Amino acid sequence: MRAPFSKILLSYVISLFFILLVAGLIISTFVENMIFLIAVLIIVYVIVCSMFIRIHHDYIHPISKASKTIEEITKGNYQARFHFTRNSLLGNLSNRINRLARELTEFSLQEQIQSEQLSTLIDNTESGLVLLDEKGYIHLVNRKFVDYFGKSEKDYIGSIYHKVLENETVQDAIQKVFLYETNVKDSFKHYIGIEKFYIEISGAPIINERNMLKGAVLVLHDITELKKLEGMRKDFVANVSHELRTPITSIKGFSETLLDGAMQDPDISKEFLQIIYNESNRIQLLIEDLLALSKLESDNFRLVLHKINAIELVESLTPAIMYKAEEKGITFTQDIEDIDIKADKDRITQVIINLIDNALHYTPEEGTVALRVYQAKDRIKIEVSDTGIGIPEKELPRIFERFYRIDKARTRNSGGTGLGLAIVKHIIEVHDGEILIDSEVDKGTIITVCLPT
Ligand SMILES: Nc1ncnc2c1ncn2[C@@H]1O[C@H](COP(=O)(O)OP(=O)(O)O)[C@@H](O)[C@H]1O
Ligand SMILES: [Mg+2]
């Protein structure tokens, strides 16, 4: 393809015409043969013009095209290409320009992918993030942050922090980061609608290599779950202390009375010693239950699974159950299928004992307690039913909590520790099983434990 007759070429051709014209006029004063002179000048003009055209076509035009291509690339159009093959010098240049463009395309693609990955990461982290510059203007907030504090990303970006971040703890943290140029940690209560959250805020200054403050970054974590656990732990300690205090106070009181002289009366002594014995039993039971729970929760707890024959398992427990039932005047019945249970023997024994213990405790005289073990589809079911006082429906979700008793006054002296069902629940959970309860006040309760076969 021929290059267009560009402006540069036109200006050269015209300038040459005038230069030759002037030269011709000057030379004509010395030369006689005008026709010869004009002919020479025309030949010179034609030769030089065709040289111009050649140079323009082979160099100037491709160079200006190359320069335009580079300009396009600088503007970010990495698709721009420059093709030239007529001479090796410019051919090389064209190859290099095209290679540069291809590499830039690749680079920008990678950069785009990376920046997309980064923004996906920032937006999908479980923590809120805010990035501020050294003057306190917000440059970035992520989705989680917007979830916490409302408004939209646009409302934050480009704004000075104290105008848009209303939370005082957040403002304080930012001020401290800017003032002291150190990491800052704090936490606060935060409501989203009526839901309460605990949020921990960590702020850190961004310092450049010349030790100058360039901005700050804030990270906000939801620590509600952690606070809940902490609360549970505190409650647990309070509950244990409370449960221990009652029998210990009583033991102390009765032994003091004995020491103060009551010891002399054999009848009173016997009565008091019996109370002291009962109370120390209660402490022992509580401690055993606490140990059982802590073992179940310990990190190196492992289930030891055995194949246990249901009939054999129940047979080993029956004498103790029968004894307690008879003592209270309760009829105990059992209906056990000849099946194998795959479970941790000691734990499953404990489950059955705890459930039957409750059934016996919370069933008045003349009542009935029944134990059934049977297979239903791919589940083994252990069912303990009683004709006792029953459990109000609203209490059902809570009876598996530690130390939870429905009617404290009514059941504290039942002899239980308030941990029985918590232990049962724990054991069934580690066996991948589930517990179902069906209960009606004053009619009775059926608790069914389902275990995988
Ligand atoms: N079979 C049942 N009938 C009536 N109430 C029951 C029965 N089993 C458990 N409960 C209620 O659930 C509470 C929690 O049981 P548990 O954890 O075994 O503690 P406790 O030591 O008081 O028996 C009991 O205090 C009681 O109020
Ligand atoms: Mg109990």
Side-chain angles (χ1 to χ4, degrees), residues 232 235-236 238-247 278-297 317 320-321 324-325 327-334 347-373 381-430 433-449:
M232 272 163 68
D235 284 354
F236 184 66
N239 276 323
V240 171
S241 323
H242 181 76
E243 293 291 330
L244 282 173
R245 199 175 55 192
T246 325
N278 290 347
E279 293 295 339
S280 41
N281 242 348
R282 193 163 143 191
I283 296 177
Q284 190 185 6
L285 284 180
L286 178 66
I287 287 172
E288 272 166 15
D289 277 355
L290 284 172
L291 282 176
L293 260 184
S294 102
K295 251 193 217 151
L296 282 168
E297 284 183 338
L317 304 173
I321 299 173
K324 275 192 205 162
E327 212 180 28
K328 245 193 118 177
I330 290 172
T331 315
F332 174 69
T333 64
Q334 59 186 57
R347 316 279 172 209
I348 284 302
T349 308
Q350 187 157 24
V351 166
I352 298 175
I353 290 176
N354 286 7
L355 293 180
I356 291 191
D357 246 16
N358 281 350
L360 292 173
H361 274 313
Y362 304 112
T363 302
E365 265 172 53
E366 322 251 298
T368 312
V369 170
L371 170 67
R372 269 181 79 201
V373 181
K381 299 199 171 177
I382 302 171
E383 183 191 285
V384 177
S385 54
D386 64 53
T387 55
I389 56 173
I391 302 165
E393 199 180 333
K394 69 172 185 5
E395 305 281 357
L396 286 178
R398 299 205 59 189
I399 57 167
F400 291 97
E401 286 174 22
R402 288 156 192 211
F403 298 113
Y404 190 77
R405 293 180 177 103
I406 294 169
D407 174 352
K408 303 223 170 349
R410 182 184 65 168
T411 55
R412 160 109 353 106
N413 296 321
S414 67
T417 57
L419 293 172
L421 287 182
I423 293 174
V424 167
K425 182 173 168 233
H426 227 301
I427 295 176
I428 298 311
E429 268 172 9
V430 291
E434 58 174 336
I435 308 176
L436 310 170
I437 311 188
D438 187 10
S439 187
E440 207 177 315
V441 174
D442 292 335
K443 285 266 166 63
T445 305
I446 307 175
I447 299 193
T448 313
V449 165

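This structure is a prediction, so every number in the text was calculated from the model and none was measured. Numbering of ligands and ligand atoms starts at 1, following listing order. In this chain, residues are counted from 1 in sequence order.
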Practice problem: Give, for atom CZ of Phe332 and atom CG of Leu360, the distance between the pair rounded to the nearest 0.5 Å. | Solution: 8.0 Å

Quiz prompt | Gly444 backbone acceptor or donor facing Thr387 side chain under 3.5 Å | solution = no

Exercise. Just do the side chain to side chain contact (heavy atoms under 4.5 Å, CB included) check on Ile389 and Thr363 with the steps written out, would you?
Key: CA-CA 6 Å; Ile389 56 173; Thr363 302; over 6 Å; no

Practice problem: Would you sort out whether Arg347 and Glu429 count as a salt bridge (charged side-chain N to carboxylate O under 4.0 Å, His left out), showing the intermediate values? | Solution: CA-CA 12 Å; Arg347 316 279 172 209; Glu429 268 172 9; over 6 Å; no

Practice problem: Have a look at ligand 1 and work out which part of Ile391, if any, has a heavy atom under 4.0 Å from it: side chain, backbone, both or neither. | Solution: side chain

Self-check item: Gap between atom CD1 of Ile348 and atom CD of Gln350 - 0.5 Å precision
Solution: 10.0 Å

Practice problem: Heavy-atom distances under 4.0 Å are what count here, so tell me which part of Thr363 touches ligand 1: side chain, backbone, both or neither. | Solution: neither

Exercise. Give a yes or no on this: more than 12 heavy atoms of other residues, nucleotides or ligands lie within 6.0 Å of atom CD of Glu297.
Key: yes

Quiz item: Which of the atoms of ligand 1 are close to Ile399, meaning less than 4.0 Å from one of its heavy atoms?
Solution: 12 (O), 14 (C)

Self-check item: For Gly418, the ligand 1 atoms whose distance to one of its heavy atoms is below 4.0 Å
Solution: 17 (O), 19 (O), 20 (P), 21 (O), 22 (O)

Self-check item: Salt-bridge present (Arg398, Glu395; N to O < 4.0 Å)
Solution: no

Exercise. Rounded to the nearest 0.5 Å, what's the gap from CG on Leu419 to CG on Leu291? Could you check?
Key: 11.0 Å

Self-check item: Leu317/Thr349 under side chain to side chain contact (heavy atoms under 4.5 Å, CB included): CA gap, chis, key distance, verdict
Solution: CA-CA 8 Å; Leu317 304 173; Thr349 308; 3.3 Å; yes

Quiz prompt | Which of the ligand 1 atoms, numbered from 1, are nearer than 4.0 Å to a heavy atom of Gly420 | solution = 16 (P), 17 (O), 18 (O)

Quiz prompt | Close-contact set for ligand 1 against Arg405 heavy atoms, below 4.0 Å | solution = 22 (O), 25 (O)

Practice problem: Would you tell me which option among Asn358, Ile389, Leu355 has the nearest heavy-atom contact to atom 8 (N) of ligand 1? | Solution: Asn358

Exercise. Return a yes/no value for Ile447: is any of its N or O atoms, backbone included, closer than 3.5 angstrom to an N or O of ligand 1?
Key: no

Self-check item: side chain to side chain contact (heavy atoms under 4.5 Å, CB included) evaluation trace for Ile382 with Leu371
Solution: CA-CA 7 Å; Ile382 302 171; Leu371 170 67; 4.0 Å; yes

Quiz item: What part of Tyr404, side chain, backbone, both or neither, has a heavy atom within less than 4.0 angstrom of ligand 1?
Solution: backbone

Quiz prompt | Per-atom contacts of ligand 1 with Thr417, taking only distances under 4.0 Å to non-hydrogen atoms | solution = 21 (O)

Exercise. Decide if atom NZ of Lys324 counts as having more than 12 heavy atoms of other residues, nucleotides or ligands within a radius under 6.0 Å.
Key: no

Quiz item: Protein N, O or S atoms less than 2.8 Å from the Mg ion (ligand 2), ignoring waters?
Solution: Asn358 OD1

